[in-house]
Amino acid sequence: MPELPEIRTLAEQMDRELAGSRITAVEVDQEKCLNRSVDSVRRGLVGRTLGPFEAHGKWIRSPLAEGGALAINLGMGAEVRLPRCAEETPENYKFRMHTADGGGLFIRFWWFGHVHLLDGTGGEGPMDRLGIDALDPALDCGAFRALLAGRRGGIKSFLLNQKNIAGIGNFYAHDLLARSGIHPMRPIPSLEPGEIGCMYRTMRDLLEASVALGGADYERDLYGRPGGFSRRRFIVGYREGEPCGRCGETVVKIRTGSTPGFICPDCQPEDPPGG
DNA sequence: CAAGGTGTTGTCCA
DNA sequence: ATGGACAACACCTT
């Protein structure tokens, strides 16, 4: 379930703990998480030096000083830990990397996730197909409008598609739309300029607020500490049957395409006034 | 206890 | 371009 705020929190911590460290050993017990064979990944990492860690959407990348890069995606909720902060036995972490300074990185994959070794030439992995990061400073309101221009589908599926904007998942999408007063199934062409501007500001406010708190409280960081962003902050997200945090109307759960969604029927009319 | 929902991504199909 | 179905098979709630 990690989305942009949780990934960004981890990337910042990994940058502090691991950037500049030389990799001394790599053990993998779950080969399907790799984009190459275990031997190939081990050969490509051991002896190399990790560069700065950067988040892009739900992916984390660290270029290697000798060329190429390490790319990590946590899928539906993996755990990433420093070895000294591991709570379980090492065997429970299917990817284990050790560094010369005595540190390292353990990853326990839950459903699935990815550790990719990239050769750095581009066009080789999922990261190359990502849209702009949702908190990229270059994504101002005008750029956000430009992304939506000419698009025809529903707004929620657009926001969840990482090729359009990277970092938004179902967890934050519920309130991003509710706080903007937009029904998830609204066709993009039906959105008023004012609604798009509101959605842009809400997206930045919501994600930045969670980043400032270290991400969602059900996720744990590199040290095993939970984030400070509680879902009690949501006005509709995961509040089925409870009053909407804005108007008090009862929140309902609906199907929004292939994902479940939570909406306030009053704040998010399917057919907006004047539309 | 068994069944079902859930979060992500890529691929395939209409 | 768009979305739906599906696969990857862990873990919690019902």
Side-chain angles (χ1 to χ4, degrees), chain A residues 1-11 28-36 55-61 71-81 87-89 91-95 106-116 118 123-131 133-134 146-177 183-191 207 210 215-220 226-227 229 231 234 236-241 252-262:
Chain A
M1 300 121 104
E3 300 179 18
L4 185 148
E6 297 77 45
I7 295 298
R8 184 165 285 228
T9 298
L10 283 168
V28 185
D29 299 332
Q30 199 167 320
E31 186 160 16
K32 70 186 173 88
C33 295
L34 308 177
N35 62 333
R36 308 180 186 195
H56 186 161
K58 301 169 191 172
W59 287 77
I60 298 171
R61 173 163 50 193
I72 298 170
N73 177 271
L74 302 185
M76 291 190 177
E79 281 206 341
V80 187
R81 288 294 168 81
E87 288 166 14
E88 308 192 36
T89 61
E91 300 74 44
N92 283 328
Y93 298 87
K94 301 303 183 188
F95 178 88
F106 285 3
I107 305 178
R108 187 166 76 102
F109 291 106
W110 184 28
W111 253 42
F112 80 29
H114 300 285
V115 174
H116 286 187
L118 309 176
E124 55 179 327
M127 284 195 80
D128 295 298
R129 295 187 280 273
L130 292 178
D133 186 279
L147 286 177
L148 288 165
R151 302 301 293 265
R152 294 173 159 276
I155 184 59
K156 185 178 179 186
S157 72
F158 175 91
L159 293 170
L160 293 183
N161 187 338
Q162 303 298 297
K163 297 187 187 83
N164 298 323
I165 300 174
I168 302 169
N170 209 29
F171 185 76
Y172 292 102
H174 305 306
D175 255 43
L176 164 51
L177 291 164
H183 190 281
M185 301 305 275
R186 286 273 302 281
I188 292 171
S190 80
L191 298 173
L207 296 178
S210 185
D217 62 359
Y218 61 82
E219 291 287 344
R220 289 172 182 276
F229 186 94
R231 64 182 71 188
F234 286 149
V236 304
Y238 307 97
R239 308 194 74 129
E240 183 184 16
V252 297
K253 186 175 183 179
I254 62 172
R255 293 292 301 183
T256 51
S258 53
T259 59
F262 297 88

For [X] and [N], give me the distance from atom [atom1] to atom [atom2], rounded to whole Å.
X      : N      : atom1 : atom2 : result
A/K94  : C/dA10 : NZ    : C1'   : 12 Å
A/I107 : C/dA10 : CD1   : P     : 17 Å
A/N161 : C/dG3  : CG    : P     : 9 Å
A/K163 : C/dG3  : NZ    : C1'   : 12 Å
A/K156 : B/dG7  : NZ    : P     : 8 Å
A/E79  : B/dT8  : CD    : C1'   : 17 Å
A/L4   : B/dG7  : CG    : P     : 17 Å
A/H114 : B/dG10 : NE2   : P     : 7 Å

Quiz prompt | A/R186 atom CZ: more than 12 heavy-atom contacts under 6.0 Å | solution =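 Atom CZ in A/R186 is packed in, count exceeds 12.
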
Quiz item: So with a 6.0 Å cut-off around CZ of A/R255, is the heavy-atom count from everything else above 12?
Solution: yes

Self-check item: Spacing of the P atoms in B/dG7 and C/dT14 (rounded, Å)
Solution: 15 Å

Quiz item: If you look at every strand shown and take non-hydrogen atoms under 4.0 Å, does A/G113 touch a base, only sugar-phosphate, or nothing?
Solution: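 Touches nothing.
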
Quiz item: Heavy atoms under 4.0 Å, any strand shown: does A/Y238 hit a base, just sugar-phosphate, or nothing?
Solution: sugar-phosphate

Below 4.0 angstrom from OP1 or OP2 of [N], is there any side-chain N or O of [X]?
X      : N     : answer
A/K58  : B/dT8 : yes
A/N73  : B/dT9 : yes
A/Q162 : B/dT8 : no
A/R151 : C/dA1 : no

What nucleotide among [options] has an atom nearest to a side-chain atom of [X]?
X      : options              : answer
A/P126 : B/dG10, C/dT2, C/dA8 : B/dG10
A/S157 : C/dA8, C/dG3, B/dT11 : C/dG3
A/E3   : B/dG10, B/dT8, B/dG5 : B/dT8
A/N170 : B/dT8, C/dA8, B/dG10 : B/dT8
A/K253 : B/dG7, B/dG5, B/dT9  : B/dG5

Self-check item: Note, A/F95 side chain near A/C33 side chain (heavy atom, < 4.5 Å)
Solution: no

Quiz item: Cation-pi between A/R231 and A/Y238: NZ/CZ under 6.0 Å from ring centre and within 45° of the ring axis?
Solution: yes

Quiz item: So what stems show up for DNA chain B if we need 3 or more Watson-Crick or G-U pairs in a row, all under 3.5 Å?
Solution: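 Stems found: B:2-6 with C:10-14, B:8-14 with C:2-8.
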
Quiz item: Taking 4.0 angstrom as the limit, do A/E3 and A/K58 come out as a salt bridge?
Solution: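 Salt bridge absent between A/E3 and A/K58.
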
Quiz item: Should the pair A/R81-A/E87 be classified as a salt bridge under the 4.0 Å nitrogen-to-oxygen rule?
Solution: yes

Practice problem: Considering non-hydrogen atoms only, spot the tightest contact between A/L118 and A/R36 and give its length. | Solution: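 Closest approach of A/L118 to A/R36, heavy atoms only: C-NH2, 4.1 Å.
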
Exercise. State yes or no: are the ring centers of A/Y218 and A/F229 separated by less than 6.0 Å?
Key: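 No.
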
